[in-house]
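Notes follow the structure.
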Amino acid sequence: MASESDVFVNCPFDDGYRILFNATVFTIIRSGFRARCALETDNAADNRFEKICKIIDECRYGVHDISRTEIDGNPPLPRFNMPLELGLFLGARRFGGLGHRAKSCIIFDREPYRYQRYISDLAGQDIHSHDGEHRALIVALAAWLRVQSKRRGVPGGGAIAIEFDAFVDQLPRICEEQQLEPAEMTFRDYNEIVAEYLAAR
Amino acid sequence: MGGVNHLIYARRRAEHRRLGGSEELVFRSQKCDCQVMTKKSATSTATDKPVRTKSSQGYEVLVTLPDGVRILKPKSKPEHFTSRQIRSTIKKVLKSGAGG
């Protein structure tokens, strides 16, 4: 059964995407939801696919970023983890029964209509482009969460983006006080810091 | 039980006489006395522990912001610190930022 305030985050976890990932989690928490993703459990004994299925099962909402679906490595091949997890989420909504019919998701890519060249069956879904800018992502995500949840108290993306920038300024000092390198900070650590920071202001 | 109650009553009466009180004493049962003695204080002495509530859906709510948004406790616990530690650190950083 999907939880009403849980949001599944399906996006890249590499350093190049870090600011967009952090902005996504911050916006979700600031909007009154809980961010969930595959990084929340670190038990190597868990099957990753099963872990992802469990989280999708528990989340009413999904944020999917397929902007890293591009050719990489040698031999050059595209990374398809995010489209796979997006497909799982859409499949859960379609075939998961009554408890999952209300599932809803937003899909991001870095350019408008780029997805049509590699995953054209997505036409008709709610797809937004962020051009790699965290502010554009926050604005679109906050507006979507407000509309989907019908929670009128959720602030606009512009206001959340300002709050996020202020938080990013404080984050290195918080990590320093905690004797923690920013690179050592895990998803669970970041989740907690954002929630406690918003509660303490 | 009646004998025990009687003993308590007798002791109280003797104490009352010693203090110069009248004979009109109100008898209270032993059970009642036990409840008074064991009841815990309703006020908390913890100073660093915020008041938290559960939403109707079972989420732990850290705080409700002025705009009405409820900040929810994350599902998973942090790995490199406790919630109390990071709360204290954030307060310290925010306080020092506000001061300087």
Side-chain angles (χ1 to χ4, degrees), chain A residues 3-7 25 28-37 39-42 55 58-60 142 145-146 149 151-156 159-160 163 166-167 169-181 184-201, chain B residues 31-100:
Chain A
S3 300
E4 288 293 311
S5 293
D6 283 6
V7 182
V25 173
I28 289 168
I29 297 173
R30 178 60 182 90
S31 300
F33 296 84
R34 291 196 310 190
R36 309 277 311 273
C37 84
L39 298 176
E40 71 182 31
T41 57
D42 58 357
I55 297 171
E58 294 171 354
C59 292
R60 160 94 184 258
L145 285 170
R146 187 171 57 243
S149 65
R151 298 176 185 175
R152 291 174 185 168
V154 174
I160 294 181
E163 291 182 22
F167 169 72
D169 286 343
Q170 300 279 9
L171 189 57
R173 291 184 58 213
I174 294 170
C175 288
E176 189 183 339
E177 285 287 336
Q178 207 59 53
Q179 296 185 313
L180 193 66
E181 291 291 326
E184 294 171 338
M185 189 172 52
T186 64
F187 167 71
R188 284 157 55 178
D189 293 336
Y190 181 75
N191 231 357
E192 189 77 16
I193 291 173
V194 171
E196 290 290 351
Y197 169 85
L198 290 169
R201 288 179 312 153
Chain B
K31 186 179 176 186
C32 180
D33 274 348
C34 289
Q35 282 176 337
V36 170
M37 289 168 69
T38 57
K39 189 174 181 183
K40 290 179 182 172
S41 170
T43 55
S44 171
T45 54
T47 54
D48 197 33
K49 198 168 185 180
V51 177
R52 288 172 180 179
T53 56
K54 287 259 183 182
S55 74
S56 59
Q57 294 153 354
Y59 295 103
E60 188 176 347
V61 180
L62 290 181
V63 70
T64 301
L65 299 178
D67 54 22
V69 173
R70 293 178 302 181
I71 302 302
L72 305 177
K73 177 92 177 152
K75 180 170 176 72
S76 306
K77 289 183 178 175
E79 290 172 83
H80 291 104
F81 43 75
T82 66
S83 298
R84 182 172 287 191
Q85 283 172 341
I86 199 65
R87 190 180 312 128
S88 171
T89 299
I90 289 168
K91 281 181 182 171
K92 184 178 169 187
V93 168
L94 290 177
K95 195 174 177 182
S96 66

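All values below were derived from every heavy atom in this structure, side-chain atoms included, with hydrogens, water molecules and symmetry-related copies excluded. Chain letters run A, B, ... following the sequence lines, proteins first and then strands; every chain starts at 1.
The residue among B/Lys77, B/His80, B/Lys92, B/Gln85 with the most heavy atom pairs within less than 4.5 Å of chain A is B/His80. Per-residue counts of heavy-atom pairs under 4.5 Å with chain B were compared for A/Leu198, A/Asp169, A/Ile29, A/Ile193; the largest is that of A/Ile193. In terms of non-hydrogen atom pairs under 4.5 Å with chain B, the most contact-rich of A/Arg36, A/Arg151, A/Gln179, A/Gln170 is A/Arg36. Listed options A/Glu176, A/Arg201, A/Glu184, A/Glu192 were ranked by heavy-atom pairs under 4.5 angstrom with chain B; first place goes to A/Glu192.
Neither the backbone nor the side chain of A/Tyr190 comes within contact range of chain B; no heavy atoms are under 4.5 Å apart.
Using a distance-only test at 3.5 Å, with no hydrogens or angles considered, no donor-acceptor pair links the side chain of A/Arg34 to the main chain of B/Pro74.
Counting heavy atoms from C-beta on, the side chains of A/Glu196 and B/Lys73 come closer than 4.5 Å. Looking at heavy atoms from C-beta onward, A/Arg173 lies in side-chain contact with B/Ser96 at the 4.5 angstrom threshold. A heavy-atom distance below 4.5 Å is not found between the side chains of A/Asn191 and B/Lys75. Contact annotation: the side chain of B/Ile86 approaches that of A/Ile174 to within less than 4.5 Å [non-hydrogen atoms, C-beta and beyond].
In this model, no donor atom of one side chain and acceptor atom of the other lie less than 3.5 Å apart for A/Ser5 and B/Arg70.
Of all heavy-atom pairs spanning A/Pro155 and B/Asp67, the tightest one is CG-OD2, 3.7 Å. Of all heavy-atom pairs spanning A/Gly32 and B/Leu72, the tightest one is O-CD1, 3.4 Å. Closest non-hydrogen pair, A/Ala200 versus B/Ile90, comes out as CB-CG2, 3.9 Å.
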Steps toward side-chain contact (heavy atoms from CB on, under 4.5 Å) verdict (A/Ser3, B/Tyr59): CA-CA 10 Å; A/Ser3 300; B/Tyr59 295 103; 2.9 Å; yes

Side chain to side chain donor-acceptor pair (under 3.5 Å) evaluation trace for B/Thr89 with A/Glu177: CA-CA 7 Å; B/Thr89 299; A/Glu177 285 287 336; 5.8 Å; no

